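Working notes for the structure below.
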Amino acid sequence: MNALKVFNTMSRRKELFTPLKAGGVRMYVCGVTVYDECHLGHARSAVVFDVICRYLEHLNFEVTFVKNFTDIDDKIIKRAEQESVPWQTVTGRYIDAYHRDMERLGVRLATLEPKATEHVNEIVTLIQALIEKDIAYPVGPDVYFHITAFPRYGALSKRKLDEMQAGARIEVDERKRHPMDFALWKGAKPGEPSWDSPWGAGRPGWHIECSAMAIRHLGETFDIHGGGEDLIFPHHENEIAQSECATGKEFARYWVHNGLVTIDQEKMSKSLGNFFTIREIFEKFPASAPVTAEILRFFLLSTHYRSPIDFSDKALRQARAGLNNFYDLFKRLEEGSAQRLPGKAEWQKVLTRIARSVEEAMDDDFNTPAALASLQKFRSDVNRRLHAGLSSSEGQEALGVFRKCGQILGLFQVPSSDWEFGQAVVAGPTDPLMDYPPTVVVSSKASIDDSEIERLLEERQQARARKDWTRADAVRQELAERGIAIEDRADGSTTWKR
RNA sequence: GGCGCCGUACCCAAGUGGUUAAGGGAGCAGUCUGCAAAACUGCGAUGCGGCGGUUCGACCCCGCCCGGCGCCUCCA
């Protein structure tokens with residue numbers, strides 16, 4: 001009945017989405033390696049798949065969403081060594097940090113969040129199965145996957161084995177049967193964390209954990225496998241090879257990859273040092289966490305998930321401006337204005353149409369920018385109707401539609417009285433060299449409390465009553481300097497916002 | 001070197017083989033207002049990197065070129 005189309009990296013085309021078992025969707029997304037704080041790139045991936053999961057649920061699918069933690073790896077070991085702490089201290093700390101960041105971002109918990117180290121048995125079993133089929137082979141304490149055993153290798157990333165060797169930059173281990181063979185199991189060096197196995201003490205290679213966890217929790221074949229597009233090769237390619245060789249079945253049916261976050265058009269990454277952690281964005285951005293979260297999400301969702309997105313202060317300001325327009329309307333809607341009897345039939349049609357257009361956008365490979373455009377159109381429409389006289393019940397219904405559609409995106413969920421507009425100061429010239437007025441850093445909730453604002457507004461109201469415009473404007477200026485913008489309404493009342 | 005992606009107005013960003021190429025931000029003008037703010041109205045790409053080709057017709061299909069990016073090594 002639904003017409004959801006999903007771009008499948010495997011076919012490089014949009015395909016009609018039909019889950020293997022009607023009514024349920026099983027989705028696996030590669031999470032993070034917990035050796036450090038998460039950056040905006042991780043946030044994008046998390047938000048994208050959070051929205052995909054929300055939308056699938058909106059379509060009444062029962063979603064089993066698995067997102068793993070890679071909690072054993074070279075970088076974790078190195079970090080633990082540097083700090084002289086057990087590796088569990090490192091992974092525990094960054095799993096906590098991850099959960100803190102996700103909660104701030106409004107990213108919901110996955111159904112299951114398995115850890116690699118809790119699936120060593122499954123991993124060992126999987127490797128054994130591959131060895132028995134002579135697809136994997138031990139080399140001393142290590143075990144490698146023999147890549148030529150899987151003829152379809154390269155199907156996802158559209159690479160051919162012989163072409164890759166020409167450009168291979170890695171040093172070839174002579175003991176490997178094929179230069180591209182990769183490790184399933186790594187023997188432990190003295191002092192390294194390890195688990196027992198038929199090949200001696202060691203730890204799993206990177207790719208095998210995802211195969212093991214996905215198969216364990218979702219079955220040998222499941223619906224969606226996702227992650228950042230930088231995981232397409234080699235990670236996902238290797239996952240497919242291992243899994244399909246072991247089970248003889250198709251691994252994942254739809255491969256979904258999000259585009260990367262760039263800074264000045266360059267990939268944001270640890271190695272380039274050009275990254276912003278989620279934590280520092282929340283700590284530095286001049287707004288409360290729920291407001292910052294929506295601004296970040298709005299920014300992230302205003303570009304299609306497969307395109308690259310460039311991060312900057314300006315981009316964030318544009319996102320905030322867009323969101324401010326919505327919350328401005330929400331405030332006015334909540335003020336209510338019983339002016340007119342509801343025109344039921346036509347109005348219901350309007351509400352249905354907007355909800356439908358959001359669904360149509362999302363059905364088209366989760367086209368969040370188009371969904372936002374629909375909502376912005378609706379915002380403008382409601383503003384016009386409000387101007388013409390909207391009944392308060394109609395206003396409430398409009399609000400309900402915004403919040404319900406917004407739920408899919410994780411937007412419009414902040415109570416409008418808590419929204420922070422952060423644009424109070426209107427005094428001062430605009431810098432002609434900038435195509436944007438400078439951001440005025442205000443909006444610290446602690447700077448002025450509500451009763452103080454009410455007192456000043458009352459004072460201004462009296463000044464206005466006696467046409468003492470100088471005094472009235474001075475009060476407004478004072479409020480502006482403390483981060484409060486005011487608006488006089490037609491009925492003589494005055495509202496304010498931070 | 002191999003593979004892949006992208007290039008739409010000042011900025012961000014959808015989109016379609018053929019009616020006026022969404023939407024937002026910023027800007028300008030107007031309505032409203034004591035002044036502001038908000039909102040509303042109007043203005044803004046004769047053109048979708050460039051050149052060819054296919055077609056009755058292309059921004060959308062194909063080829064080449066230019067520019068940018070990603071992967072090929074840990075990476076969301």
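Quick note on labels: first sequence line is chain A, next is B, and so on, each numbered from 1. Side chains are part of it too, since the values below use all heavy atoms of this structure and drop only hydrogens, waters and symmetry mates. What you are looking at is a predicted structure, and each value in this text was computed from that prediction instead of being measured.
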Distance check, [atom1] atoms only: [N] and [M], in whole angstrom units.
N     : M     : atom1 : value
B/C59 : B/G42 : P     : 28 Å
B/C71 : B/A76 : C1'   : 14 Å
B/G24 : B/C66 : P     : 38 Å
B/C65 : B/G7  : C1'   : 14 Å
B/G53 : B/C40 : C1'   : 48 Å
B/A39 : B/A45 : C1'   : 27 Å
B/C48 : B/A58 : P     : 12 Å
B/A9  : B/G44 : C1'   : 8 Å

Would you mind checking if [Y] and [X] are paired as a salt bridge, meaning a charged N to carboxylate O distance below 4.0 Å?
X        : Y        : answer
A/Arg54  : A/Asp50  : yes
A/Arg100 : A/Asp96  : no
A/Arg403 : A/Glu334 : yes
A/Arg152 : A/Glu237 : no
A/Glu487 : A/Lys497 : yes

* Asked: Which string of ( ) [ ] | and . matches RNA chain B, if you list each base 5' to 3' and count Watson-Crick or G-U pairs only when both distances are under 3.5 Å?
  -> (((((((..(((.....[....))).(((((.......))))).....(((((..]....))))))))))))....
* Asked: Is it true that the NZ or CZ of A/Arg320 lies under 6.0 Å from the centre of A/Phe298's six-membered ring and within 45 degrees of the ring axis?
  -> no
* **Cation-pi geometry met for A/Lys67 and A/Tyr28 (6.0 Å, 45°)** => no
Does [X] put a side-chain nitrogen or oxygen below 4.0 Å from OP1 or OP2 of [N]?
X        : N     : value
A/Thr303 : B/A13 : yes
A/Arg384 : B/U41 : yes
A/Asn367 : B/A14 : no

Which whole-number value in Å describes the distance from [X] [atom1] to [N] [atom2]?
X        : N     : atom1 : atom2 : answer
A/Gln461 : B/G34 : CD    : P     : 12 Å
A/Arg466 : B/C35 : CZ    : P     : 19 Å
A/Gln376 : B/G25 : CD    : P     : 7 Å
A/Lys377 : B/C40 : NZ    : P     : 15 Å
A/Arg489 : B/G34 : CZ    : P     : 15 Å
A/His236 : B/C71 : NE2   : C1'   : 13 Å
A/Arg379 : B/A38 : CZ    : P     : 12 Å
A/His387 : B/A38 : NE2   : P     : 15 Å

Quick one: list whatever passes side chain to side chain contact (heavy atoms under 4.5 Å, CB included) with [X], sequence neighbours left out.
X        : answer
A/Glu81  : A/Ile77
A/Arg93  : A/Arg79, A/Glu83, A/Thr89
A/Ile453 : A/Ile448, A/Asp450, A/Leu457, A/Leu479, A/Ile484, A/Trp496, A/Arg498
A/Lys75  : A/Tyr35, A/Asp73

For a quick check of understanding: with a heavy-atom distance under 4.0 Å over all strands, which category does [X] fall into, base, sugar-phosphate or nothing?
X        : value
A/Gly41  : base
A/His304 : sugar-phosphate
A/Asn383 : sugar-phosphate
A/Arg306 : nothing
A/Ser374 : nothing
A/Ser157 : sugar-phosphate
A/Ile486 : base
A/Gly31  : sugar-phosphate
A/Arg460 : base
A/Val261 : base

Nucleotides 64-70 of chain B: which of its N/O atoms have a protein N/O under 3.5 Å away?
residue, atom, partner, partner atom, Å
B/G70, OP1, A/Lys267, N, 3.2

* Any chance CZ of A/Arg13 has more than 12 other-residue heavy atoms, nucleotides or ligands included, within less than 6.0 Å? ->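 Counting other residues, nucleotides and ligands, CZ of A/Arg13 stays at 12 neighbours or fewer.
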What's the closest nucleotide to the side chain of [X] if the choices are [options]?
X        : options             : value
A/Lys158 : B/A76, B/G24, B/G4  : B/G4
A/Asp473 : B/A76, B/A14, B/C35 : B/C35
A/Arg332 : B/A38, B/G4, B/A76  : B/A38
A/Asn325 : B/C3, B/A76, B/A39  : B/A39
A/Ala321 : B/C11, B/A26, B/A76 : B/A26

Less than 3.5 Å between a donor and an acceptor, one on the side chain of [X] and one on the base of [N], is that the case here?
X        : N     : value
A/Asp488 : B/C35 : yes
A/Gln318 : B/G24 : yes
A/Arg476 : B/C35 : yes

* A/Ser380 or A/Met268, whichever maps to the more 5' nucleotide of RNA chain B -> A/Ser380
* To do: Could you say whether A/Ser302 or A/Cys30 is positioned toward the 5' end of RNA chain B, judged by the nucleotide with the nearest heavy atom to each?
  => A/Ser302
* **Parallel, tilted or perpendicular: ring planes of A/Tyr98 versus A/Phe69, cut at 30 and 60 degrees** => perpendicular
